[in-house]
Amino acid sequence: MAVRTPDFDVIVIGAGISGMYQLHLLREAGLKVRVLEAGGDVGGTWYWNRYPGARLDSESYSYQYAFTKDLLGEWDWSEHFAAQPELEKYYRTVADRYDLRKDIRFDTRVTAMDFDEDTDDWTVTTGTGERLTAHVVITATGVLSAPIYPRIPGIERFGGEVRHTAQWPREDVTFEGKRVAVIGTGSTGVQVITEIAKTAGHLTVFQRTANWAVPLNNAPLSTEEMAEIRAGYPDMFDRLQKTFSGFLHDWDPRPTTDYDGAGLRDRFEAAYSGHGFSKWIGLPADIATDITANEKWSGFLADKIRERVDDPRTAELLIPDDHYFGTKRVPCESGYYESYNRDNVELVPVRENPIEEITETGIRTSQGELPFDMIVFATGFEAFTGALKRIDITGVGGRTLRKAWEDGPVTYLGVQVSGFPNLFIMGGPHGKGGHGNGPRCAERVLEWMAEFAEHIVTEDIRRVEATPEAEREWSEEVQRRASGGLLAQTKSIYFGDNLEDEDEDGDGGRPRKRVYLAYIGALSEYVERLRTLARTGYPGFRIS
Ligand code: N01
């Protein structure tokens, strides 16, 4: 058996919200840690997604770290839903306060990871060819960090400015006097379109699928409000562990059938003027499961769109006709619908008027060419799996992670894949970590991983590896929970439906199998499952 002398006990990949807390926990446990981060600073999502309009859909105070006790006492959020600059400042402040940067290597993209079967360590290779070894690797690479561009012919030919919302430059981007195209109307598109509309010379929005967007109803926070919210932190953090996905809001157990016509209308009006996801995850619970209930709410929303959009044809185009409310991520908007009342904004329905190609000077649709100075791609991500599949990860017997996932991802509790010992996944497919209110869903999982990593290192354990049986059972449970409901009837990123063809997901031409990528289950239930494993000797893992 080879002697182990890895450079680090643990390498963490990513210095976003999860990676930062993971580093703090592992250091507290006395482990030798290095974090490798592709970006130039901390913050992950809030470092990269700096497009105009980027803002939280979860209440700022519900989204901050709970472990930073002293910072909780002093940090004032300026708005109920903070914008990207404030979030970036917050994560930098946390990094300063906990002296995190000294163990983070920035501008360092991990390109490959190889498990050494003699030493039971991982060799991690970076973009510069440098190789570092660690006994344990934790990937905190983010659920939404692998941006995708659509496969439109000629995309590389366009001579104007090209932007992807998830790769927005640090320098100012101006729209004044410019003819701007935005492709994509998901949560990101809804935010960026609203901002670009305010200053662009002319904005053309290419919409393939209309979304059920709801008002964010953001507002500034006064000093008095902030003091009141702060006084309630202990109760708030306690509640956030108990709601389904770590949000302040939770499903209303009263079904829509408990209300008469006027009562339901009042209930919907109250929700519509409430904060953030109160008008999704705060609604009568049957809206998520029952078609009639869902149609009552979406009919209410459709009428709101008709009230808010002046041009009746545009209003009808903005009303979804192909999916139930909540089966795709619901965007929160701040004046999105009113953007279409501006003279400088035009909506092109891509299904009626398909994009045929991008030319040197614009976009050619079936109805002719439109000239542009800038194209903004708000076309999203290879969610859940993309960041991991973009690293060449090779486990036991030379088997790659891409090969292991060629028929869709399989995992044990979303934290490990069999054949990849000592590799823990944070915020990948099939786990609760990062799915929901990100920090709340992640924190208990990160603590569990830190404890496990400490156990591995201090007990001199060579290998921890999910068994194929445990992996199969969990992966089947994930699919079973997602099948049969309204969710399964809609094309969404949760099933990887946004990956346009089989090459996009990196498998070289194999047809993509439609599998559920997230996990449907309550945060508290998921956390309890992990804790039970820790208490009972980690069943489902082979430990040697
Ligand atoms: O990405 P998306 P996103 N031609 O995949 C369209 C989080 N988030 O970046 O629906 C034309 O949802 C595509 O059309 P269709 C949030 O978790 C959070 O907006 O596939 N259009 C769709 O409209 C969310 O789930 C926050 O028909 C094309 C859009 O591009 C996740 O990020 C804010 C096309 C992609 O939408 C991803 O959201 C923002 C083509 N060829 C985002 N290809 C906050 O919490 C794609 N599209 C604040």
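Just follow the structure's listing: the first ligand is 1, and inside any ligand the first atom is 1.
- E346 and H202 are linked by a side-chain donor-acceptor pair at a separation below 3.5 angstrom, with hydrogens and angles left out of the test.
- Shown in contact with D57 at under 4.0 Å from a heavy atom are these atoms of ligand 1, numbered in order with element: 44 (C), 45 (O), 48 (C).
- Side chains of S245 and K432: a donor on one and an acceptor on the other come within 3.5 Å.
- Taking the ring centroids of Y91 and Y47, they lie at or beyond the 6.0 Å cut-off.
- Distances below 4.0 Å separate heavy atoms of K328 from the following atoms of ligand 1: 10 (O).
- For F268 and W297, the ring centers sit closer than 6.0 Å to each other.
- Residue I493 approaches ligand 1 through these ligand atoms, each under 4.0 Å from one of its heavy atoms: 5 (O), 25 (O).
- Contacts of F381 with ligand 1, taken as heavy-atom pairs under 4.0 Å, involve the side chain alone.
- A side-chain donor-acceptor contact under 3.5 Å links Q64 and Y233.
- Remark: ligand 1 and N211 share no N or O pair separated by less than 3.5 Å (distance only, no angle test).
- Atoms of ligand 1 lying under 4.0 Å from any heavy atom of Y51, numbered from 1 in the order shown and given with element: 33 (C), 39 (C).
- Open room surrounds CZ on R313; 12 or fewer heavy atoms of other groups in view lie less than 6.0 Å from it.
- Close approach of ligand 1 to G184 is summarised as follows: ligand atoms under 4.0 Å from at least one heavy atom of the residue are 6 (C), 23 (O), 29 (C), 30 (O).
- Using a 4.0 Å cut-off between heavy atoms, T185 contacts ligand 1 through both its backbone and its side chain.
- Ring centroids of Y324 and W212 are separated by 6.0 Å or more, keeping the two rings apart.
- Taking all heavy atoms of T379, L144, V205, V192 into account, the minimum distance to atom 17 (O) of ligand 1 is reached by L144.
- When T188, N498, N437, N49 are ranked by how near their heavy atoms come to atom 38 (O) of ligand 1, first place goes to T188.
- Contact annotation for A378 and ligand 1: only backbone heavy atoms (N, CA, C, O) come within less than 4.0 Å of the ligand.
- Between the choices Q84, Q191, R208, the shortest heavy-atom distance to atom 14 (O) of ligand 1 belongs to R208.
- Looking at R351 and T209, their side chains do bring a donor and an acceptor atom within 3.5 Å of each other.
- Within ligand 1, counting atoms from 1 as listed, the ones closer than 4.0 Å to a heavy atom of I183 are 4 (N), 11 (C), 21 (N).
- You'll find the ring centres of H80 and Y61 inside the 6.0 Å limit.
- The backbone of R55, and not its side chain, has at least one atom closer than 4.0 Å to an atom of ligand 1 (non-hydrogen atoms only; backbone = N, CA, C, O).
- With a 4.0 Å cut-off on non-hydrogen atoms, Q207 does not touch ligand 1 at all.
- Within the listing of ligand 1, atoms 10 (O), 15 (P), 27 (O) sit less than 4.0 angstrom from a heavy atom of T209.
- By the 3.5 Å distance cut-off applied to N or O atoms, S187 is counted among the residues near ligand 1.
- At a heavy-atom cutoff of 4.0 Å, ligand 1 is contacted by no atom of Y494, backbone or side chain.
- A cation-pi arrangement, defined by a distance under 6.0 Å to the six-membered ring centre and an angle within 45 degrees of its axis, is absent between R179 and F372.
- T411 and H430 share a donor-acceptor pair across their side chains, judged by distance under 3.5 Å alone.
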